[in-house]
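Written below as structure tokens is the structure these notes are about.
To find a chain, count down the sequence lines: A is the first, B the second, and so on, and within it residues start at 1.
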Protein chains: 2
Amino acid sequence: MAGKKSAKDLFAYLALYDENSEDHANFVPLSMGAPGKATLSGCNKLMTEATNSLLRDSNEERFTFQYGPCKGDPSFCEQVAGFLTEEYGTKVDSSDIMVSAGATQGLHLVATVMFNKDTPIFIEDPTYFIAVKILREDFGMNIIPVPTDMEGIDVAKLESLLEIYKPKTTGKAGSQFWSMVYTIPTYNNPKGYCMSPERCRALVKLARKYGVMLFAEDVYNMLHYDDKPQCPPRLLQYDDRSDPDYEGHVLSNCTFSKILAPGLRLGWIEAPPRIMKCLEKSATAWSGGSFNHYTSKLMAVALQEGLLQKHLTWLRKEYRERMDLACNTLEKHLPAGVKVDNPHGGFFIWLQLPPSIDSMELLKLAVQKYKVNFIFGASTSPTDGCKNCARLSISFCEKASLEKGVVNFCHALNEMLEEKQT
Amino acid sequence: MAGKKSAKDLFAYLALYDENSEDHANFVPLSMGAPGKATLSGCNKLMTEATNSLLRDSNEERFTFQYGPCKGDPSFCEQVAGFLTEEYGTKVDSSDIMVSAGATQGLHLVATVMFNKDTPIFIEDPTYFIAVKILREDFGMNIIPVPTDMEGIDVAKLESLLEIYKPKTTGKAGSQFWSMVYTIPTYNNPKGYCMSPERCRALVKLARKYGVMLFAEDVYNMLHYDDKPQCPPRLLQYDDRSDPDYEGHVLSNCTFSKILAPGLRLGWIEAPPRIMKCLEKSATAWSGGSFNHYTSKLMAVALQEGLLQKHLTWLRKEYRERMDLACNTLEKHLPAGVKVDNPHGGFFIWLQLPPSIDSMELLKLAVQKYKVNFIFGASTSPTDGCKNCARLSISFCEKASLEKGVVNFCHALNEMLEEKQT
């Protein structure tokens, strides 16, 4: 734990809070799964406009600053539903939307209000590197890793694990699910893939059969870089309401952090009525009201005025260019035999390096000699696997810096490979 | 549970979201422990100014909208520490301050990250009516009620309970506390009292002896209505760092909801290093960064420019006038034998009605015939006690409405008493 924490401190320190210092001016943090200076530009203007629009109306003051409705302000839920309807191309109802204070708060709420400590939680291996720590270290849950390939979670393996862990009885009174599967189906973190439609269908089938929730971390879904998105629909859509055995097993946990600004701490949960009811009627929601009321009112205005949509269009173009640049640069400089899948969306490029490479060692060399970092594979794996893998992010660094960082990453890799061979 | 939820829906509905409707125009929600239209006025202006100041600086954009530091932005922590130093009259260090997304989020974080489900939590009886539901129903904790009088928690009773529940061993590895005491020492909810210095000292002594955390819900502390505050220092100050056996047992959980605006979902935790470290190093904090970063940056500006302080000065004067008005009106109209303690701060007046009165029945009569509500005693008591008690709040309604509501409350009470006597 101490080691991981200090790695984290390193990233945050180097990337964010000392970027003006001389020592770190040339450092390229390919570790960062967050927008950077360039892709946050425009936020000042956008939020100024939204604030002026919202606060101009003195009749709204007593609602804007009051406790909000548990589920979120109706204007926010409606604007988000409209935005999703447009984005996903299928009708999303505002009654299925609940405000959150970002994806982490959404996970915190669901994990602690709907599940007990020591609940088995099935989680992709590898996965979002902090999620495992949240669920295991903070909330004391029993993490059950399930392997993935480049099409998604290993469904057969998941079923065999569900068989082992399924409760003898139907679970404690009042609980709807005895467990959940934590998955990142679209532009996966760290692997960049989209789960195939076959896997999505199989996953929903398993969830229904075993009575577990599918918790989909849908934070990159809008970041598709083809003119027409090539990724399958979000997992929730495979849980078809017209099915005779439909009950509602999928929760889609979303955020504005990747498509606008992490600092807003604003997101939403899309979920079927039986899950929504449980979250909305929680005492935690009741006590605080809407989880981020004021900011959600600002975002409702930004959506209504098309400000976010405009920003997102620009963001997709910018990120597409970066993704192409990073992948092309990798192809030029990577050693023979290391393949690059050019993801069609999201933030991450996942590299399987030659088996002789320990990517944690590589990170040290890369940071010290080549002034570039990345997420090493083992930190994304609850089983300490993926030792020869690396996650590079295209989101934080601008093109010139990104290109330089990728080249330097390849230099470090090539140097380490040469050392191993001599 | 269903009954309580619908009572809640009633309050929210009547008080907030339909206040313009004809049916409810004359309804007086003395239940509401939140600022109302009048005491939220000025928020539009304050937040417009803070926003303009913050977003004017284009160099700050990439920090304002980025993930924030886990503990909160340094400018926020420093401004809050300065504000508290001024308010409490003793030096508060910014290293002891962590941002929260309001008091409810502070409780959610501490309860779920530092404690297991089924942990015994010692809680004042009566207490904040939603806290019991959060801890028991949402987080599955083992609520152990401890009676209070008008000086605070019954310390002897608490010690006998700690003896019963204290673990045989020193607790699980890595945990600093095996339990916590949830207390509202200053301008208590629902009773309005301030815990006496003797009780505060005794409570800290017990916490040290038994190794439990004191979780002080310090949300009304700044709302003192004497020119010189008559209440004792906050509980945390009794945990004197110069004591030879000092370790740090008290956490002060605070919010801007009562002194500015609930909708901001912003607060802070003041805690000693060993507690702070545990919260700040949690994966939950790491994943999301600062729990409400953008809003905290706005508040740092509002504090720096003295906007909040000015608002608070006005708020104290306004609430003092309301408190006096409500207490004077009660004295005039209450039946003989019902005593009113005029609290010197906070939002609440606690009434012990004649033993023949069931305040839940009284609520029905008051709502239906007299168009006024309040919090009935049993809903504040984890043991379903306080059946003849009522909590009236002065925070939501403006003076004319408040006076009318209090008179009507007394009419309802007198009517019910007469019925009982005939």
- Not counting sequence neighbours, which residues clear salt bridge (charged side-chain N to carboxylate O under 4.0 Å, His left out) with A:E318? List them please. A:R322, A:K399
- Mind checking the OG-CD spacing from B:S282 to A:E137? Nearest 0.5 Å is all I need. 10.0 Å
- Item | Minimal non-hydrogen separation, B:E61 against A:K45, with atom names | OE2-N, 4.5 Å
- Contacting moiety of B:T64, where chain A heavy atoms sit under 4.5 Å: backbone
- Task: With a 4.5 Å cut-off on heavy-atom pairs, point out which of A:A261, A:A285, A:S287 contacts chain B the most.
- Result: A:S287
- Query: How are the rings of A:F129 and B:W286 set relative to one another: parallel (under 30°), tilted (30 to 60°) or perpendicular (over 60°)?
  - Reply: perpendicular
- Message: For the interface with chain B, which of A:L40, A:D57, A:D118 has the highest count of heavy-atom pairs at distances below 4.5 Å?
- Response: A:L40
- Note on the structure: salt bridge (charged side-chain N to carboxylate O under 4.0 Å, His left out) filter on A:E398, not counting sequence neighbours, yields none
- Item | Gap between atom OG of B:S296 and atom CZ of A:R265 - 0.5 Å precision | 11.5 Å
- Message: Test your reading of the model: is there a side-chain donor-acceptor pair from B:D138 to the backbone of A:A283, 3.5 Å cut-off?
- Response: yes
- Note on the structure: Taking every heavy atom of A:Q66 against every heavy atom of B:A34, the minimum-distance pair comes out as OE1-CB, 3.5 Å
- Task: Identify which part of B:T39 has an atom lying under 4.5 Å from any heavy atom of chain A, answering side chain, backbone, both or neither.
- Result: neither
- Item | Toward chain B, the part of A:L298 with a non-hydrogen atom under 4.5 Å | side chain
- Search all heavy atoms of B:Y67 against all heavy atoms of A:K258 and return the closest pair with its distance. OH-NZ, 2.8 Å
- Heavy-atom contact with chain A under 4.5 Å, split by part of B:F291: backbone
- Note on the structure: Heavy-atom nearest pair, B:L55 first then A:N44, reads O-ND2, 3.1 Å
- Query: Under a 4.5 Å heavy-atom cutoff, which of A:T51, A:T48, A:N292 has the most pairs with chain B?
  - Reply: A:N292
- Residues B:T112 and A:K117: closest non-hydrogen pair is O-NZ, 2.7 Å
- Item | chain B contacts, top residue of A:P262, A:C278, A:S257 (heavy-atom pairs, under 4.5 Å) | A:P262
- Note on the structure: Residue from B:Y294, B:F65, B:F139 scoring the most non-hydrogen pairs under 4.5 Å with chain A is B:F65
- Message: If I take atom OG1 from residue A:T284 and atom NZ from residue B:K133, how far apart are they, to the nearest 0.5 angstrom?
- Response: 11.5 Å
